[in-house]
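The structure under discussion appears below in the form of structure tokens.
Naming convention: chains lettered A, B, ... in sequence-line order (proteins, then strands); numbering from 1 in each chain.
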2 protein chains.
Amino acid sequence: MATATAAQRRRRAREEFDAFLAACPSRQLLDRLADKWVALILTALAEGEQRYSEIARTIAGVSQKMLTQTLRNLERDGILIRSITPAVPVRVSYRLTPLGESLLPVVRAIKQWAEQNMGAVQDARRRYDTRH
Amino acid sequence: MATATAAQRRRRAREEFDAFLAACPSRQLLDRLADKWVALILTALAEGEQRYSEIARTIAGVSQKMLTQTLRNLERDGILIRSITPAVPVRVSYRLTPLGESLLPVVRAIKQWAEQNMGAVQDARRRYDTRH
DNA sequence: CCGTATCCTCCTCGATACTG
DNA sequence: CAGTATCGAGGAGGATACGG
């Protein structure tokens with residue numbers, strides 16, 4: 001039956017494309033940067049090493065779970081280093097690696113475009129919404 | 001009761017932070033760019049005007065629903081223009097606005113960092129995974 | 001102080017079917 | 001050709017409670 005075959009072809013094409021996207025470096029980077037808390041963490045650590053609780057205070061809206069999870073992901077990616085000072089209570093600090101620091105210009109480029117142009121985007125949205 | 005008050009304070013702090021993030025230009029831009037299909041659409045349109053079906057063919061993995069939805073969002077944001085040629089069947093074309101074109105260097109910066117450094121990230125992940 | 005473990009909710013996205 | 005409408009599954013992320 002022709003329709004079934006067409007549906008199967010579409011499914012297969014999608015699976016292949018998903019595999020392509022999963023392997024795509026840009027896609028992977030975009031997924032990381034888009035994580036709700038990554039840009040904020042990178043910006044906080046741009047000024048130097050910070051303790052867990054300092055980051056948590058700076059980024060007042062983050063939950064413990066998400067902060068820990070995001071920091072772990074970034075550590076795994078080699079973007080930052082986690083160092084534990086064994087004391088009571090323990091002291092855990094995070095700082096950017098050179099790889100992490102090399103990401104800062106990209107974050108700043110995004111920030112700069114946003115600050116220069118999101119106003120125009122807002123205007124465009126208002127115009128669109130009144131027309132439709 | 002002290003615990004209830006602390007919980008309420010946390011909730012309130014989070015709500016304020018959420019409002020801050022919702023208004024943050026960088027956050028808004030990041031959310032757009034991170035949309036699964038936006039970077040691909042921008043890249044496709046970087047070469048010039050394209051018809052709906054051309055974009056759909058180029059981005060083989062996208063569903064009709066998501067392609068239309070993403071294109072509408074980008075049109076609403078003033079990133080691209082949708083033009084309809086009344087014929088049978090109708091012909092709908094999309095092209096970047098100057099605002100949309102100004103976004104291309106940002107996308108390219110992301111792409112460039114990814115292509116240069118995601119290899120290092122992959123290596124870091126492998127090292128991390130074998131250690132843990 | 002710095003987490004881990006569960007549960008639960010919202011929201012995105014894909015599948016499918018239908019239309020001018 | 002270029003959509004729109006509806007439904008359902010899965011995952012992200014927050015609330016809460018507990019642990020070294």
Do side-chain atoms of [X] reach the backbone of [Y] as a donor and acceptor pair under 3.5 angstrom?
X       : Y       : answer
W113(B) : R108(B) : no
E115(B) : P25(A)  : no
T70(B)  : V38(B)  : no

If I take atom [atom1] in residue [X] and atom [atom2] in nucleotide [N], what distance separates them, rounded to the nearest angstrom?
X      : N       : atom1 : atom2 : value
N73(A) : dG3(C)  : CG    : C1'   : 15 Å
K36(A) : dA12(D) : NZ    : P     : 14 Å
M66(B) : dT12(C) : CE    : P     : 9 Å
D18(B) : dA12(D) : CG    : C1'   : 14 Å
D31(B) : dC13(C) : CG    : P     : 11 Å
L67(B) : dG14(C) : CG    : P     : 11 Å
I55(A) : dC1(C)  : CD1   : C1'   : 13 Å
I84(A) : dC2(C)  : CD1   : P     : 11 Å

Which sits closer to the 5' end of DNA chain C, G61(B) or P89(A), going by the nucleotide each is nearest to?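 So the residue in question is P89(A).
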Quick check on dT12(C): is either OP1 or OP2 less than 4.0 Å from any side-chain nitrogen or oxygen of W37(B)?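 So the side chain of W37(B) is outside the cut-off, no N or O lying under 4.0 Å from OP1 or OP2 of dT12(C).
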Under the side chain to side chain donor-acceptor pair (under 3.5 Å) rule, collect the residues that match up with D18(A), sequence neighbours excluded.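 Residues passing side chain to side chain donor-acceptor pair (under 3.5 Å) with D18(A): none at all.
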Run the side-chain donor-acceptor check on residues 55-65 of chain A: report pairs under 3.5 Å with partners two or more places apart or on a different chain.
unit_1	atom_1	unit_2	atom_2	d
T58(A)	OG1	E54(A)	O	2.9
S63(A)	OG	M66(A)	N	3.2

Using the rule given for side-chain hydrogen bond (donor to acceptor under 3.5 Å, both in side chains), can you reason through Y52(A) versus T68(A), listing the C-alpha separation, both sets of side-chain angles and the distance that settles it, and then say yes or no? CA-CA 9 Å; Y52(A) 180 92; T68(A) 299; 3.1 Å; yes
At 4.0 Å (heavy atoms only), tell me whether R14(B) reaches a base, stays on the sugar-phosphate, or touches nothing.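 Sugar-phosphate: the residue R14(B), judged by heavy atoms under 4.0 Å, touches backbone atoms but no base.
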Identified side chain to side chain contact (heavy atoms under 4.5 Å, CB included) counterpart of V121(B) within the set L103(A), L29(A), L99(A):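 The side chain to side chain contact (heavy atoms under 4.5 Å, CB included) with V121(B) is passed solely by L99(A) among L103(A), L29(A), L99(A).
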For nucleotides 2-5 of chain D, give me every protein contact, N/O to N/O, under 3.5 Å, one pair per line with atom names.
unit_1	atom_1	unit_2	atom_2	d
dA2(D)	OP1	R51(B)	NE	3.3
dA2(D)	OP1	R51(B)	NH2	3.2
dA2(D)	OP1	V92(B)	N	3.4
dA2(D)	OP2	S53(B)	N	2.9
dA2(D)	OP2	S53(B)	OG	2.8
dG3(D)	OP1	R72(B)	NH2	3.3
dG3(D)	OP1	R82(B)	NE	3.2
dG3(D)	OP1	R82(B)	NH2	2.5
dG3(D)	OP2	Y94(B)	OH	2.7
dG3(D)	N7	Q64(B)	OE1	3.0
dG3(D)	N7	Q64(B)	NE2	3.0
dG3(D)	O6	Q64(B)	OE1	3.0
dT4(D)	OP1	R72(B)	NH2	3.4

